Amino acid sequence: MTDRRTELAANLARVEERIAAACAAAGRKREEVTLIVVTKTYPAEDVRILAELGVRHVAENRDQDAAPKAAACSELPLSWHFVGQLQTNKVRSVVGYADVVQSVDRARLVGALSKEAVRAGRELGCLIQVALDAERSAGGKGGPGERGGAGAEEVGELGALVARAPGLRLDGLMTVAPLTGPYAGRERAAFERLMDLSTDLRRAHPAANMVSAGMSADLEQAVAAGATHVRVGTAVLGVRSGLR
Ligand SMILES: *Cc1c(COP(=O)(O)O)cnc(C)c1O
C-alpha cells in the first residue's frame with residue numbers, strides 16, 4: 001500500500017512535469033489543462049490514493065467496473081468521467097455516479113441520458129465523442145468508428161440535441177487518436193481537427209469549451225493542439241493487463 005502510494009506519487013509527478021512542459025512549449029498556462037486519471041481495471045484503493053495525492057478527476061470506461069468503484073469512493077472529492085462506449089441499458093447506472101459522460105455519440109443515447117438525468121434530478125455534463133477514423137470526406141465508410149464516436153459531420157446536430165435536452169449540459173468534444181484512416185499516426189493533426197470542430201461548436205454553444213484529447217502516449221500533441229483535458233491511464237497507474 002505504502003509502496004503503491006510512492007509509485008503513484010512518482011508517476012503523477014512525471015505526468016505533471018510532462019503536462020507543464022507541454023504547456024510551456026505551447027505558450028499556454030498550466031491551469032488551462034486538466035488532468036483526468038483513467039483508473040479502469042485498477043481498484044478503488046488506487047482511486048483513494050490518487051485522491052489523497054490531489055487528483056480530482058477520474059475516468060472509467062465500463063459500467064460494471066465503474067459502478068462499484070464509484071460507490072466505494074463516494075465520499076472522496078472526485079469528479080467521475082465516463083469515457084467508454086455506452087449501451088442504453090447501462091445509462092441509468094452511469095447517471096447514478098458520472099458527472100460527465102465523454103462518449104456521447106448518437107441521438108438515442110442523448111435521449112436515454114436525458115431521461116435518466118431528469119429522473120435522478122441531476123445535471124449531467126456531456127461531451128460529443130468524435131471518431132476521426134470515420135471521416136466521410138476521406139472515403140471512409142462513415143458512421144461510428146469501432147471504438148465509438150460520431151462522424152465529424154454529425155457534431156453540430158448532436159450538439160444541438162444535447163444542448164436542448166433536459167438534464168444535460170453540453171460541455172464540448174472528445175476524441176481518441178485514430179489508429180486507422182487519414183489521421184492514423186498523425187495525432188497532432190487529428191487533435192487540431194478536433195479543435196476546429198470545437199471552434200465551430202462554440203459558435204453556437206459558447207460554454208461548450210471542453211476539448212478532451214490526449215492519453216499517455218500523446219498528451220503532448222493534445223496540449224500543443226489546444227486540449228483542455230487530457231485522459232491519462234498507463235502513465236499514472238501502470239500497464240493494464242489485457243487489451244482494454
Ligand atoms: C484507456 C483510455 C484512456 C487512457 O489511455 P492510456 O493510454 O492508458 O493513458 C484514455 N481515453 C480513453 C477513452 C480510454 O479508454
Side-chain angles (χ1 to χ4, degrees), residues 7-8 10-19 21-22 33-43 46-47 50 53 55-67 69-70 78-87 90 94 97-106 109 125-134 144-150 171-181 183-185 187-188 190-191 193-194 197-198 210-225 227-244:
E7 184 186 2
L8 291 179
N11 290 349
L12 264 183
R14 252 191 310 271
V15 167
E16 175 52 40
E17 256 172 52
R18 285 176 61 190
I19 297 172
V33 179
T34 300
L35 170 66
I36 302 171
V37 178
V38 184
T39 48
K40 63 189 183 194
T41 78
Y42 286 96
D46 282 353
V47 177
L50 289 169
L53 292 170
V55 168
R56 289 297 170 259
H57 296 266
V58 294
E60 289 282 332
N61 73 334
R62 284 161 60 100
D63 177 60
Q64 305 90 293
D65 302 334
K69 222 185 280 186
L78 290 170
S79 289
W80 290 78
H81 297 250
F82 191 85
V83 299
Q85 278 189 265
L86 182 51
Q87 306 306 126
K90 305 285 193 209
V94 168
Y97 57 85
D99 297 286
V100 180
V101 172
Q102 298 204 359
S103 45
V104 176
D105 61 359
R106 58 198 191 280
L109 184 56
C126 292
L127 303 188
I128 309 295
Q129 180 181 352
V130 186
L132 294 171
D133 48 358
E146 271 176 32
R147 299 148 92 193
D171 281 345
L173 300 180
M174 181 272 249
T175 203
V176 176
L179 298 173
T180 60
Y183 292 106
E187 292 84 4
R188 173 79 183 262
F191 298 147
R193 173 82 176 114
L194 187 72
L197 293 169
S198 168
M210 267 179 81
V211 179
S212 174
M215 319 199 302
S216 294
D218 53 23
L219 73 87
E220 282 84 1
Q221 288 92 325
V223 170
T228 63
H229 291 70
V230 292
R231 310 177 308 270
V232 179
T234 310
V236 172
L237 288 142
V239 176
R240 293 177 293 275
S241 53
L243 271 177
R244 56 196 176 93

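Every number for a ligand or one of its atoms is a count from 1 in the order of the listing. Note that the structure is a prediction, hence the values are computed from the model and not measured.
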- So, is Asn61 polar-close to ligand 1, with some N/O to N/O distance under 3.5 Å? no
- Message: Only heavy atoms of Val232, strictly under 4.0 Å: list the atoms of ligand 1 that pass.
- Response: 9 (O)
- Query: Got a sec, which residues hit side-chain contact (heavy atoms from CB on, under 4.5 Å) with Ser212, two or more places apart in sequence or on another chain?
  - Reply: Gln102, Leu127, Met174, His229, Arg231
- Is there a nitrogen or oxygen of Val176 sitting under 3.5 Å from a nitrogen or oxygen of ligand 1? no
- Message: Within ligand 1, which atoms have a heavy atom of Thr234 less than 4.0 Å away?
- Response: 6 (P), 7 (O), 8 (O), 9 (O)
- Would you indicate whether the side-chain heavy atoms of Asp63 and Tyr97 approach each other to under 4.5 Å? yes
- Message: Below a 4.0 angstrom heavy-atom separation, can you tell me which part of Lys40, side chain or backbone, both or neither, approaches ligand 1?
- Response: side chain
- Just one of Val37, Leu237, Leu35 clears the side-chain contact (heavy atoms from CB on, under 4.5 Å) bar with Val232, so which one? Leu35
- Task: Could you tell me whether a side-chain N or O of Arg18 sits under 3.5 Å from a main-chain N or O of Ser216, the two making a donor and an acceptor?
- Result: yes
- Task: Just jot down the side-chain hydrogen bond (donor to acceptor under 3.5 Å, both in side chains) partners of Gln87, sequence neighbours excluded, or say none.
- Result: none
- Message: When you measure from the heavy atoms of Gln102 to every atom of ligand 1, does any distance fall below 4.0 Å?
- Response: no
